[in-house]
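Read through the structure below, which is laid out as structure tokens, and then see the notes.
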Amino acid sequence: MSFLKVHDHLLQIYGPQHWWPARTPFEVMVGAVLTQNTAWRNVEKAIANLHAVGALDAEALLRAPLPRVAQWIRPAGYFNVKATRLRNFCAWYVARGGEDALRSLETTDLRRELLAINGVGPETADDILLYAFQRPVFVVDAYTRRIFRRLRLVEGDEPYNELRAHIEARLRRGRRELVGLYNEYHALIVRHGKDVCKTKPRCELCWLACKSRERQAGKSSKALQGAAQ
DNA sequence: ACCCAGGGTCATA
DNA sequence: TATGACCATGGG
């Protein structure tokens, strides 16, 4: 079972996910910060509030008092922390010349600058790189670690960059368009992660993951038997 | 009542 | 490098 095959299974099961749900690249970036450890529907409420008051804009967010931003994004949780993070991000965004100027940066430079912002970690940075700037970056999240661990494709507790590099290296050989592939793949993993094995007849991928674990158990028990002889 | 959600930072060892 | 505490809302 290759990383590419897993993608194809997921696509067959769920169909295209059409990520990222946002009107503009800036809205993607705001959503990426707000969705940290938070259910997406709560983020939608926060973004709707920002949209309603005309604050879905970097300059507007910088003009607004921090406590007011916090109230706007309250449904997204951690609102005091995230208000500061949004402000940090907007300060960088404006100082750096906005979307058009940022588009001309190399992916590695863009990532380094994103990670330098207090409140933007590896996953948030990669969400922004992939879904706002269309860069070929595979986003690793908790669902990613879980599904690939269950399929015995990774250990699951590797450092972020190690896991990303490992998966990207094995997806690059598929002769496919990478931005589209990474876009759909991460979205499908999240979609699958939400209702994994909660559906009555186990989906094909969960079934495969189960078989994969049984294979592993069989091998290790045989190894133990062999060692006992 | 408890658990989790499309993480990240900071203090500590 | 690697744990643990902390942030906070809303839905199951």
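Throughout, protein chains are lettered first and strands after them, A, B, ... in sequence-line order, and every chain is numbered starting at 1. Values reported hereafter were calculated over all heavy atoms of this structure, with side chains retained and with hydrogens, waters and symmetry mates removed.
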- prompt: What residue pairs, at least two apart or across chains, pass ring-ring contact (aromatic ring centres under 6.0 Å, His included) with a residue in residues 151-180 of chain A?
  reply: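 Counting only pairs at least two positions apart or across chains, the ring-ring contact (aromatic ring centres under 6.0 Å, His included) contacts touching residues 151-180 of chain A are Phe3(A)-His166(A).
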field: Sequence neighbours excluded - ring-ring contact (aromatic ring centres under 6.0 Å, His included) pairs with any residue from residues 19-45 of chain A
entry: Trp19(A)-Tyr131(A), Trp19(A)-His186(A), Trp20(A)-Trp40(A), Trp20(A)-Tyr131(A), Phe26(A)-Tyr93(A)
Could you list the protein-to-nucleotides 3-5 of chain C atom pairs, N/O on both sides, closer than 3.5 Å?
none

- request: Please go through Leu66(A)'s hydrophobic cluster and name the other residues, only I, L, V, M, F, W, Y counting, with side-chain heavy atoms under 4.5 Å joining them.
  value: none
query: Can you list the residues that meet the ring pair (Phe, Tyr, Trp, His ring centres under 6.0 Å) rule with His9(A), with sequence neighbours excluded?
result: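 Ring pair (Phe, Tyr, Trp, His ring centres under 6.0 Å) list for His9(A), sorted by chain: empty.
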Strand contacts (DNA chain B) in [range], 4.0 angstrom heavy-atom criterion:
range: residues 33-49 of chain A; answer: Thr35(A), Gln36(A), Asn37(A), Thr38(A), Ala39(A), Trp40(A)
range: residues 115-122 of chain A; answer: Ile117(A), Asn118(A), Gly119(A), Val120(A), Gly121(A), Pro122(A)
range: residues 85-95 of chain A; answer: Arg85(A)

- prompt: Does any residue of residues 69-79 of chain A have a heavy atom under 4.0 Å from DNA chain C, and if so, which ones, in number order?
  reply: Arg74(A), Pro75(A), Gly77(A), Tyr78(A), Phe79(A)
query: Among all residues two or more places apart in sequence or in another chain, which pass the salt bridge (Lys or Arg N to Asp or Glu O under 4.0 Å) test with Arg111(A)?
result: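 If we apply the salt bridge (Lys or Arg N to Asp or Glu O under 4.0 Å) test to Arg111(A), skipping adjacent residues, the hits are Asp126(A).
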task: For DNA chain B, note the earliest and the latest nucleotide, 5' to 3', having some atom under 4.0 Å of a heavy atom belonging to chain A.
output: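 The contact span of chain A on DNA chain B goes from dA5(B) to dC10(B).
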field: Runs of at least three Watson-Crick or G-U pairs with DNA chain B, cut-off 3.5 Å
entry: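 Correct response: B:2-5 with C:9-12, B:7-13 with C:1-7.
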